[in-house]
Every structure is written in structure tokens, then in C-alpha cells.
Amino acid sequence: MDLIDNLWLGFTVAVTWVNLLFCLIGVLVGTLIGVLPGLGPVTTIAMLLPITYYLEPVTALIMLAGIFYGSQYGGSTTSILLNMPGEASSVVTCLDGHQMAKNGRAGAALAVAAIGSFIGGTVATLIVAGAAIYIADFVKTFTSVEYFSLMVFGLVAAVVLASGSVLNAIGMVLIGLFLGMVGTDLSTGAQRYVFGVPMLADGIDFVILATGMFGVAEVLANLERRIRSGQPSAIRNVGRAGLTRAEWKQSAPAIWRGTLIGSALGVLPGSGGMLSSFASYTLEKKLAKDPSRFGKGAIEGVAGPESANNAGSQTSFIPLLTMGLPSNATMAMMAGAMMIHGIVPSSKVVTDQPELFWGLIASMWIGNVLLLIMNLPLVGIWIRILEVPYRLLYPTVLLLCCIGVYSLTNSPQSILFMLGFGLLGWMFMKFGCEPAPLVLGFVLGSRMEENLRRAMLVSGGDAWVFLQRPISLVFLVCAALLLILVVLPSFNRSREALKEG
Amino acid sequence: MRFAIRSLLVALSCTLAAPVFAQAKWPERPIRVINPFTPGGTSDLLMRLSTERVEKALGTQLVIESRPGAGGSIGSAVVAQAPADGYTLLVTTTGPAAIAQVLFEKPPYDVVKDFTYLYMFGGAPILVAVSAKSPIKTIQDFVAAAKKSPQTFANSGTGSVGHLTGALFAGEAGVRLTHVPFKGAPEAQASIVSGEVASLWNTLGAHVGGLKGGEIRGIAVTSQDRAPQFPEIPTLRELGFPDVVVTNWFLIAGPANLPQDIVLRVNEAFTAAGKDPKAAAGIAALGVQPIPGLNLKNYTDFIRKEVAVWGKVMKEHGIKRQ
């Protein structure tokens with residue numbers, strides 16, 4: 001069989017001492033990027049880029065790819081332990097992951113994140129190996145119309161993922177859309193809601209918003225609780241590292257579903273990876289027998305999205321590898337690393353440079369094994385952070401938040417913005433409004449607008465295109481169904497309340 | 001606890017690394033290079049190819065940061081407002097560095113007064129391409145299709161060279177073209193492959209892979225002579241449009257009033273990178289050709305001339321300011 005021959009070729013390339021070493025360096029650096037806030041992938045990869053000049057192209061690609069998926073792997077740690085999401089997709093992990101930590105199940109959350117990521121990554125690598133070209137053909141049919149409808153679906157999913165009132169969730173999505181609009185209009189350069197503040201002209205940075213709304217707000221809430229009750233610490237019971245039998249049973253199907261969703265959505269350039277973790281969470285919540293457990297530490301809410309996220313980070317290589325189109329800064333570095341060695345990234349790479357293509361794919365599988373071996377033993381160490389007395393832990397968390405934000409922008413102003421969002425997040429918490437829908441609205445807003453405008457421009461202002469194109473129609477119907485499903489129970493409840501009243 | 005200790009170490013090293021005393025000897029920390037388009041476009045790839053040698057020459061790291069939007073003027077504005085300390089540079093093209101001045105109603109910066117131009121990579125033609133599956137095979141087919149109904153064209157944004165080249169061509173050929181802006185080359189190429197947009201008018205560099213891979217079909221280039229690596233693609237000049245000869249220039253710039261020693265060092269570093277055989281081969285593969293006779297003394301004059309050229313194009317073809 002061709003696939004087996006090709007994979008064999010791939011492993012003969014990937015399993016050499018040099019390539020194994022650089023795969024290890026890649027995933028190690030990636031994990032550090034994921035775990036330490038303030039160590040951004042762009043800066044870190046820039047540090048390593050010069051090495052690629054001297055490496056064989058395949059070795060360079062193996063290392064750069066390792067950094068990329070390694071950082072996705074490591075991103076869950078701070079979300080679970082400290083409620084600090086480093087990127088949009090780990091916002092979902094915060095929801096139930098940090099609650100699990102509060103319930104004394106931090107070890108289980110971290111372990112299931114590592115195992116889910118491993119399964120997601122491994123399966124997605126196989127999918128890339130077996131079906132990259134067919135998947136690429138599917139991606140090639142996506143236009144602004146499909147992207148817009150997918151994002152509409154994403155926003156409806158954001159409402160579902162909130163555990164409180166539907167009305168509050170819709171309100172938060174709208175605030176998120178509004179915050180996403182701040183800045184310079186992408187197609188005309190006009191400034192919107194900038195009020196003469198130079199920092200706002202560039203838009204609000206995601207890391208500033210998320211670090212404030214999650215990390216800082218969590219510290220504020222914990223301190224408040226502590227002052228009120230006189231309790232010494234937010235989390236006292238650290239718990240065991242392993243998973244219980246019941247937790248295994250709950251996580252396993254979530255991991256498989258997350259892997260499928262992630263593999264499918266990860267291929268789409270731009271927001272695919274992030275949407276996949278949100279979509280997986282929504283699905284798990286809808287399928288669960290008791291959805292009210294979500295937001296209170298449901299292990300499926302960590303297992304599904306983490307698997308989806310990592311599966312997506314493997315399949316997101318497909319556009320670069322099969323079409324020569326890089327979709328983010330890391331992929332552009334990989335394109336650069338190929339060009340410096342005289343290889344033009346294009347659909348011809350698969351046939352002209354099979355050892356490059358298959359070597360990289362084999363290395364991804366090896367990289368995932370390395371990540372699992374590295375991460376599982378670390379779980380026991382990570383959870384001991386929670387044993388640190390809170391009076392010592394919270395200044396450290398705040399300091400990390402500040403470093404992360406400052407290193408991103410080099411401006412003290414951004415730290416003030418972060419603290420502002422922290423206060424806002426704390427207030428929202430008081431009103432029972434959850435920040436996750438806001439974050440999704442914020443991230444999707446500008447992309448949604450861009451695609452809507454483009455779709456309208458191409459169709460000449462004809463809005464029916466969204467219903468005429470089949471894939472787009474499917475997304476919109478799913479969004480409508482989901483919306484009905486969400487609104488109905490609360491509708492019934494309020495009617496019952498009326499009757500009783 | 002280990003985590004806390006490690007975090008403190010990171011915090012400590014950050015404070016130590018921060019420059020307390022202003023530039024005693026530049027550069028003492030990594031230099032940020034803003035690329036005002038999405039990753040993977042020609043400007044981004046040019047930087048990736050030069051980075052290693054430039055870093056070696058300057059003795060520090062370059063961090064390339066994408067700030068796409070509004071045809072490159074959003075990212076360029078960031079650099080125009082940055083302090084002139086040599087730690088924020090820009091990789092720019094004719095779009096944000098000349099066209100922005102004449103196209104936008106309120107340009108966010110002055111391309112002559114707000115920048116110091118440090119190095120010129122060279123110029124590349126605009127590629128006119130369609131999807132490989134499109135029935136359009138030649139520029140005549142395209143003009144015929146556009147006479148029947150307005151055709152759409154994609155490129156790296158409002159005010160990019162591809163945008164104005166399309167508008168210029170529409171005027172010369174007497175057809176109507178609808179401009180569909182994207183934030184960078186990869187997205188624009190994907191839009192013609194999906195069939196959403198009818199044609200691509202964008203700088204050749206980032207589409208070399210698409211041409212070689214056979215997803216897109218080049219039907220014309222805008223250079224004076226055919227591009228060396230694609231001798232089969234005719235020029236618009238030979239196809240009967242002698243006035244549509246357009247080059248997109250690629251430059252390195254910094255904020256206005258950069259200290260002279262920094263200007264010289266950046267120029268030397270990039271010049272050295274351009275002479276490196278591996279980097280030079282990659283740059284040539286992107287279709288970017290150096291032009292003789294340009295140096296630090298006349299870069300700004302060159303920009304001034306480009307602004308005038310595009311101002312004239314806009315006036316002659318009645319292209320409205322935005």
C-alpha cells in the first residue's frame with residue numbers, strides 16, 4: 001500500500017539522531033511557550049530561526065512544527081491551574097479545567113488534557129497522512145460565504161457554552177462584538193471607537209483582554225472571598241494526579257468526538273483551531289445527560305476541547321503542505337525555511353520532495369509521543385503549585401500577567417488596560433455574566449465582518465448567497481437548530497414560572 | 001513552588017534585559033520588524049530570507065510581526081509613530097509607501113516626512129492570474145468576459161499596487177472590474193482557487209508556489225520584460241497595453257529622523273544579506289529584482305517620484321480617493 005510505503009519513508013527520515021533531537025527541541029520549546037505566559041511563540045521562534053539556515057530543510061521544518069503544536073499542548077496548564085488562558089482556544093479549558101482544580105481535581109484535568117491532546121494529535125496526524133490532499137480539495141471550496149456562516153454558528157455556540165442565563169450570554173457576545181470593532185477598519189483604514197487613544201487605533205489585543213478578564217478577575221474574586229470568609233486559600237485540596245474510573249468513562253467519548261471536530265475545523269485557516277475547541281465544548285454540553293455539571297468542573301469540558309485543539313493544530317499544516325499557503329506566522333517561517341533551501345512551497349512538494357512531506361508527518365507522531373512522555377510526569381509537579389499559600393501565589397500570578405502583557409506590547413499603558421479588563425471581568429462575575437461568550441464574540445467579530453463585507457461585495461449585495469451555497473446553508477441551519485435548543489428550555493421555564501406565579 | 005521560582009527567574013531576567021539607559025550602543029535588544037500584510041506574502045518572505053544574515057551583521061534578533069489591514073497602512077502607521085531608536089522597523093512596499101499618500105482621503109502618515117528609508121530590496125511585477133479551472137486562458141478572454149459583466153479581482157488590500165494596477169488596466173481596456181480586498185497574498189490566492197473571485201492582480205512573489213503547483217494560471221505580468229522564471233507568461237506591454245507597466249518596490253524603512261549610524265548599519269546589514277548566495281537565490285525566486293543606481297541618498301527622492309506617478313495615474317483614470 002502506498003500509504004504504508006510513504007509512512008515508512010517518513011519514519012526513515014524522522015528517526016535519525018539529528019531529526020529526533022530537533023523534534024525534541026521543538027516540542028520542548030513549544031511546551032515552554034505554552035506554559036510560561038509572556039513567552040510568545042513569535043519572539044521565541046524568531047530566536048531559533050537562524051539555526052534553520054544551517055539545518056537540512058526537513059530538520060528545520062520538524063523543529064518549527066514541533067514548536068507550533070508543542071505550544072498548543074502546553075497552553076492548557078496555566079488555564080487549569082491559574083485560570084490564565086494564553087490564547088483564544090484555551091479560554092474554553094479555563095471554564096471547567098479551573099473549576100476542576102478548585103474541586104481538587106487539578107491532577108485529573110491536567111492528565112486528561114495531556115492524554116486527550118495525545119490522542120487528538122496522533123489521530124489527526126494519521127488523517128493528514130492519509131487524506132491531506134482530499135481535505136485540501138474541500139478547503140478549496142470555502143469562500144467568504146462559508147466562513148461567515150461558520151462564524152455565525154460559532155457565535156450561537158458561544159451562547160450555548162455559558163452555564164447561566166441565555167440573555168446574559170447573548171449580551172456578553174454583543175459586548176464582545178463591540179470590543180472587537182474598536183480600532184482601525186481593515187479595508188478602509190477608518191478609525192472606529194478610538195477616541196484619540198493611540199493604543200486603541202490598533203485595536204484591543206486578545207492577550208490583554210483575556211488575561212484581564214480571566215487571570216486578574218479570578219485573583220480579585222479569590223481575594224474578595226478570602227476577605228469575606230477569612231479562609232486562607234482558594235484551593236486547599238490538591239488531590240491525586242490520576243483519573244478515577246468514572247472520569248475515564250466520561251472522558252473517552254469526549255476525546256474521540258473532540259478529535260474529529262478538531263481535525264475537521266483545524267484545516268480552515270484563521271479561526272479554525274479556536275472554533276474547534278468552542279464547538280467541541282458545546283457538543284459535549286449538549287450531549288451530556290446532566291448539562292448543569294458544565295462550568296462546575298465537568299471533565300468532558302476539558303477532554304473534548306483539548307483533544308480538538310491539538311487535533312486542529314496538526315491538520316492546520318494541510319494548507320501549507322498541500323497548497324503552499326501559510327496561514328500563520330509559524331507557518332510563514334516554515335515557508336521561509338523551505339525557500340532558503342531553494343524549495344518553493346507549493347502543491348508540488350508532496351510529489352517532488354516526498355521525504356520532506358512524509359518525514360515531517362512522521363515527526364509529528366513522534367513529537368506527540370515525546371509530549372506525552374514529557375507532560376504526564378510533570379502533572380504531579382504542576383499541581384503542587386496549588387499548595388503554595390495564596391498570599392504568595394496571587395502576587396506571582398499578577399506579576400506573570402503583567403509580564404505577559406508588557407512583553408507583548410512594551411507599553412505600560414497595556415498593563416493599565418489589562419487591569420481595567422480585570423475589574424470589568426470581576427464585575428461581570430458579580431452580575432452572573434460569563435466572560436467566555438464575550439471572548440468568542442471579540443475574536444470572531446472582525447473576521448465575521450470582513451467576510452460578510454466581502455461576500456456582499458462579490459454577490460453584488462445579494463444576501464441569498466448564504467442560503468444558496470450548500471455548506472453555508474448547513475452551518476446556518478445548525479446555528480438555527482442550536483439556537484432553538486438553547487432558547488426552548490429557558491422559554492419553558494419562564495412560562496412555568498409564570499403559571500406558578 | 002518550582003513554577004514560582006522559575007517565574008521569578010523569568011521576571012528577573014526580563015528586568016535585567018530591559019534597557020535602562022538609552023542606546024549607548026545600538027542594538028542592545030531584539031529589533032521588531034513590522035510586516036503590514038499577513039504572514040506568507042512577498043514582503044514577509046523577503047524578510048524571512050534575509051533575517052539570518054541581517055541578524056549576524058547586527059548582532060541581535062529580528063522579530064517579524066504581522067500587522068495587516070487597510071492595504072498595509074495600518075502596520076506602517078505603527079512604525080511612523082514609533083520612537084526613532086532603531087528598534088522598530090518596517091518592511092514596506094509601493095502600496096503603503098506611496099499609493100497610501102494619494103489614495104486615502106486622510107492618509108494616516110506622510111510617506112516622505114514620517115519615514116527614513118533604509119534599504120531597497122528591488123522590484124517585482126504584478127501577476128495577473130485566474131484559477132486553473134477558469135475558462136479564461138488569455139488576457140483577451142478576460143477583457144471579453146469583463147465586457148459582458150464586471151469581473152472581480154483580488155489582491156492584498158485597498159491601496160496595494162495590485163489594486164491600482166487593476167483600476168489602471170480597467171481604464172485602459174475600457175472594462176469594469178470590481179475590487180475585492182484581502183489582508184494578504186495567501187488569502188487572495190485562495191479566493192481565486194475557490195472560484196469566489198474571478199482574477200488575481202497581485203505581486204508575483206507570493207504566488208510562485210501557486211503557479212508552479214498548477215492551482216492558478218498566470219495570464220500576464222506587468223513588468224517591462226517577461227519574468228525570467230516564467231518565460232511563458234506574456235507582459236501586458238506586449239499584449240497591447242503599453243501603459244500598464246507596473247513594478248511593486250520592496251523597501252526597509254524606519255521612523256523619521258533615525259540616527260545616521262543606525263541608518264548606515266541597517267543598510268549595510270541588508271546589503272550583505274542580499275549578497276548571500278542562499279538568500280539571493282530565494283529573493284530571485286520570488287521575482288524580486290534589484291535595481292541599480294539606488295542608494296541611501298536617493299531613496300526618499302524615489303518615493304517622492306512614485307507618489308507623483310500614482311497621483312497621476314489616479315487623476316488620469318478618475319480613481320476616487322477613499
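Residue numbers start from 1 in every chain, and the chains themselves are labelled A, B, ... in the order their sequence lines are given, proteins ahead of strands. From a predicted model like this one, the values you see are computed outputs, not experimental measurements. Computed over heavy atoms, backbone and side chain alike; hydrogens, waters and symmetry mates excluded.
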Would you mind checking if B:E196 and A:R454 are paired as a salt bridge, meaning a charged N to carboxylate O distance below 4.0 Å? no
Select one option (side chain, backbone, both, neither) describing which atoms of B:R67 are under 4.5 Å from chain A's heavy atoms. side chain
Greatest number of non-hydrogen atom pairs under 4.5 angstrom with chain A, of B:D276, B:L46, B:I283, falls to B:D276
Below 4.5 Å from any heavy atom of chain A, which atoms of B:N35 appear? Answer side chain, backbone, both or neither. neither
Take atom CZ of B:R176 as the centre, draw a 6.0 Å sphere, and report whether it contains more than 12 heavy atoms from other residues, nucleotides or ligands. no
From CA spacing to verdict: side chain to side chain contact (heavy atoms under 4.5 Å, CB included), A:M339, B:L286: CA-CA 9 Å; A:M339 292 205 70; B:L286 290 173; 3.7 Å; yes
Segment of A:S459 engaging chain B (4.5 angstrom heavy-atom cut-off): neither
Flag the one option from B:K183, B:M47, B:E55 with the top tally of heavy-atom pairs under 4.5 Å to chain A. B:K183
Grab the two heavy atoms, one from B:V180 and one from A:L457, that are nearest each other, plus how far apart they are. CA-CD2, 3.8 Å
Identify which part of A:Q191 has an atom lying under 4.5 Å from any heavy atom of chain B, answering side chain, backbone, both or neither. neither
Just how far is it from atom CE of A:M333 to atom CG of B:L45, taken to the nearest 0.5 Å? 12.0 Å
In Å, rounded to the nearest 0.5 Å, how long is the span from CD of B:E215 to OG of A:S346? 7.0 Å
Given heavy-atom pairs under 4.5 angstrom as the criterion, report whether the side chain, backbone, both or neither of B:L62 touches chain A. backbone
With distance as the sole test, does A:K140 use its side chain to make a donor-acceptor pair with the main-chain N or O of B:G195 at under 3.5 Å? no
Looking only at B:T158, B:L103, B:V197, the option with the highest number of non-hydrogen pairs under 4.5 Å against chain A is B:T158
Is there a side-chain contact between A:I340 and B:R48 in this structure, where contact means two heavy atoms from C-beta onward sitting under 4.5 Å apart? no
Chain A heavy atoms under 4.5 Å from B:P108: which part of the residue, side chain, backbone, both or neither? neither
Taking atom CG of B:L49 and atom OH of A:Y53, what is their separation to the nearest 0.5 Å? 10.0 Å
So what's closer than 4.5 Å to chain A heavy atoms on B:P150: side chain, backbone, both or neither? neither
Taking ring-ring contact (aromatic ring centres under 6.0 Å, His included) as the definition, give me every residue that meets it alongside B:H207, ordered by chain and number, with sequence neighbours left out. none
Is B:K106 in contact with chain A via its backbone, its side chain, both, or neither, using a 4.5 Å heavy-atom distance? neither
Under a 4.5 Å cut-off applied to non-hydrogen side-chain atoms, are A:T143 and B:S194 in contact? yes
Chain B interface, residue from A:G336, A:G460, A:A332 that has the most non-hydrogen pairs under 4.5 Å: A:A332
With B:P186 via side-chain contact (heavy atoms from CB on, under 4.5 Å) - residues at least two apart: A:L325, A:P326, B:T38
Validation row: B:F182, A:E450 side chains within 4.5 angstrom (heavy atoms): no
For the interface with chain A, which of B:T51, B:T152, B:I74 has the highest count of heavy-atom pairs at distances below 4.5 Å? B:I74
Atom pair OG (B:S191) and CZ (A:F142), whose distance is rounded to the nearest 0.5 Å: 15.0 Å
